[in-house]
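Counting begins at 1 with the first residue of the sequence.
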Amino acid sequence: MNTITKKRYIFYVFLCISLYTTPTGAQNKLKTENVILITTDGFRWQEMFGGADSTLVQNKSFTPNADKVFKAFGAETPQERREKLLPFFWSTIAQKGQIYGNRWAGNKVDISNIYGFSYPGYNEILTGNPDKKVNSNDKKNNENVTVLEFLNKMPPFKGKVAAYTTWDVFPYIINEKRSGVPVNAGAELVTGNLTPKEELLNDMQKTIPPTGSNRHDFLTYYMAKEYIYKKKPRVFFLSFDETDEFAHEGKYDEYLHVAHSFDKYVADLWQYCQSQPQYKDKTTFIITTDHGRGDKVKAEWTGHGQKILDCNQIWVAIIGPDTPSVGEVKTEGQLYQNQIAKTLGKFLGVDYQNGKTTGEIIKSAFR
């Protein structure tokens, strides 16, 4: 870390403390005491709002077992198909929260970074700044201060921020060493004083090889859930990856199945939080993706990046005690990925800043 970066970092630490010690109106009014940020990599808005794409299901190159996929996720209308694919999103979140990004209705959510792949996308989600210098997926420590690090420097959140992720680059994106935010990622086992469940999950991770990502998403989820049970964090980042990996492999059937599993993980975690005194009616979920995928040329659905025009198109869902229950947002509007970090901070009564220009809060997410 050079001298300028050190000075800037020290400034951020004092800024965090000073911002917390100056109460805001939001701190006095909001009910949210905990935030869980959840992502699934490269999951298209087209499936979020329309369910299984019949064109891709009928393509034997992408879906060799079309009959089984139609039986599991097929239906006459997009509304029915999306409810079969993502039942929790289109029941609980659609009734009690908000879902943005249905471009068929003129409601848009876009990335701001120019690259359209993972590290730049997660940097934008977590810092609110589409930094042009973040231009690869290499394992390089992020110079930018994420909202997770920012909160972890504040007394009420110190030691109560953590992340569990399938992709093994997140310790660098979050800059685990500098930030002090523990990140369990990729093939990393759970360490420390293990519960019986964690011992079993470690054994499963050592014996069940991943088929695409750095580990199976189900292992990431159950490891994360056990951490939440043990440690009771106030801010938690949970990131899945298999939707992106199976899409890259052109396996549309597997892409749909892991998306359906993702919906189940979110549902299970929400139900768990609603059963716990610390989290019940005090917790906000923010759910999104790092980038979209191709659409106009069907073969491009497997890819993303600067050469794939539609990969800038994403979606965001929010549910919690301070968010109006409007469900699917069908009015014309425009949100950006760079608004998520500051919105997360506001739910906790904090004005997140990192010395760079960040997106503004999503005002409609608050009552």
Side-chain angles (χ1 to χ4, degrees), residues 35-49 89 97-103 106-137 142 144-150 163 165 167 169-170 173-174 235 237-241 243-244 247 262 284-295 303-306 308-319 323 329 332-347 352-354 356-366:
V35 174
I36 298 178
L37 173 62
I38 307 172
T39 65
T40 187
D41 201 295
F43 184 60
R44 305 193 311 167
W45 69 268
Q46 289 92 334
E47 281 80 25
M48 172 59 69
F49 294 96
F89 275 82
Q98 301 179 352
I99 309 175
Y100 297 89
N102 187 346
R103 303 178 91 88
N107 193 265
K108 301 176 181 179
V109 186
D110 287 88
I111 66 174
S112 299
N113 72 81
I114 63 175
Y115 301 111
F117 57 89
S118 292
Y119 197 142
Y122 289 117
N123 173 75
E124 185 175 337
I125 289 171
L126 293 171
T127 71
N129 181 268
D131 188 349
K132 288 185 178 180
K133 293 186 296 182
V134 179
N135 58 9
S136 79
N137 281 340
N142 197 349
N144 301 308
V145 175
T146 69
V147 66
L148 304 178
E149 179 174 355
F150 186 86
T165 71
W167 195 33
V169 182
F170 274 107
I173 298 173
I174 297 170
V235 183
F237 176 53
L238 174 58
S239 181
F240 302 104
D241 190 59
T243 41
D244 188 65
F262 162 71
T284 290
F285 280 22
I286 303 174
I287 315 162
T288 189
T289 189
D290 56 330
H291 56 72
R293 317 194 75 83
D295 177 51
H304 56 89
Q306 288 177 293
I308 307 297
L309 180 64
D310 298 315
C311 78
N312 64 296
Q313 303 169 359
I314 62 169
W315 51 270
V316 175
I318 304 172
I319 183 172
T323 298
V329 182
E332 291 190 5
Q334 178 71 67
L335 297 178
Y336 291 95
Q337 188 176 64
N338 65 13
Q339 296 180 260
I340 294 171
K342 208 167 184 70
T343 300
L344 190 160
K346 181 174 174 57
F347 275 118
Y352 165 63
Q353 299 179 35
N354 65 2
K356 296 184 177 181
T357 301
T358 63
E360 294 301 316
I361 64 166
I362 301 173
K363 294 181 180 179
S364 53
F366 298 86

Distance check, rounded to the nearest 0.5 Å: [X] atom [atom1] versus [Y] atom [atom2]?
| X | Y | atom1 | atom2 | answer |
| --- | --- | --- | --- | --- |
| Ile111 | His291 | CD1 | NE2 | 8.5 Å |
| Lys133 | Asn142 | NZ | CG | 9.5 Å |
| Phe240 | Asp41 | CZ | CG | 12.0 Å |
| Ser239 | Ile174 | OG | CD1 | 8.5 Å |
| Gln353 | Thr358 | CD | OG1 | 7.5 Å |
| Arg293 | Gln46 | CZ | CD | 10.5 Å |

Indicate whether any N or O donor in one side chain lies under 3.5 Å from an N or O acceptor in the other, for [X] and [Y].
| X | Y | result |
| --- | --- | --- |
| Asp110 | Asn312 | yes |
| His304 | Asp310 | no |
| Asn123 | Asp131 | no |

Item to check | Those residues that, when tested against Asn137, pass side chain to side chain contact (heavy atoms under 4.5 Å, CB included) (two or more places apart) | outcome: Phe117, Ser118, Tyr119, Pro120, Trp167
Checklist entry - Excluding sequence neighbours, so at least two apart, what forms side chain to side chain contact (heavy atoms under 4.5 Å, CB included) with Ser112? => result Glu124, Pro130, Tyr336, Asn338
For [X] and [Y], work out which heavy atoms get closest and say how close.
| X | Y | result |
| --- | --- | --- |
| Val147 | Gly345 | CG2-N, 4.4 Å |
| Phe347 | Ala365 | CZ-O, 3.8 Å |
| Gly101 | Phe49 | C-CE1, 3.3 Å |
| Tyr100 | Ile362 | OH-CG2, 4.2 Å |
| Asp295 | Arg44 | OD1-NH1, 3.5 Å |
| Gly128 | Ala341 | N-CB, 3.7 Å |

Contact between [X] and [Y] at the side-chain level, heavy atoms closer than 4.5 Å - yes or no?
| X | Y | result |
| --- | --- | --- |
| Leu37 | Ile340 | yes |
| Val134 | Tyr115 | no |
| Trp315 | Ile99 | no |
| Glu149 | Leu126 | no |
| Gln337 | Gln339 | no |
| Trp45 | Thr289 | no |

Next on the checklist: Determine whether a donor-acceptor pair (N or O, by modelled atom type, separation under 3.5 Å) exists between the side chain of Thr127 and the backbone of Val145.
Outcome noted: no
Checklist entry - Is the backbone N or O of Ile361 less than 3.5 Å from a side-chain atom of Lys342, with the two atoms forming a donor-acceptor pair by type? => result no
For the [atom1] atom on [X], are there more than 12 heavy atoms of other groups (residues, nucleotides or ligands in this structure) within a distance under 6.0 Å?
| X | atom1 | result |
| --- | --- | --- |
| Gln306 | CD | yes |
| Lys108 | NZ | no |
| Glu332 | CD | no |

Next on the checklist: Is the distance between the ring centroids of Phe170 and Phe237 under 6.0 Å?
Outcome noted: yes
Item to check | Listed once per pair and sorted, the salt bridge (charged side-chain N to carboxylate O under 4.0 Å, His left out) pairs that draw on residues 113-123, sequence neighbours left out | outcome: none
Next on the checklist: With side-chain contact (heavy atoms from CB on, under 4.5 Å) as the test, pick out the partner of Thr288 among Ile38, Val109, Thr39.
Outcome noted: Thr39
Checklist entry - Which is it for Tyr122 and Thr146 under the side-chain contact (heavy atoms from CB on, under 4.5 Å) test, yes or no, and what are the steps along the way? => result CA-CA 10 Å; Tyr122 289 117; Thr146 69; over 6 Å; no
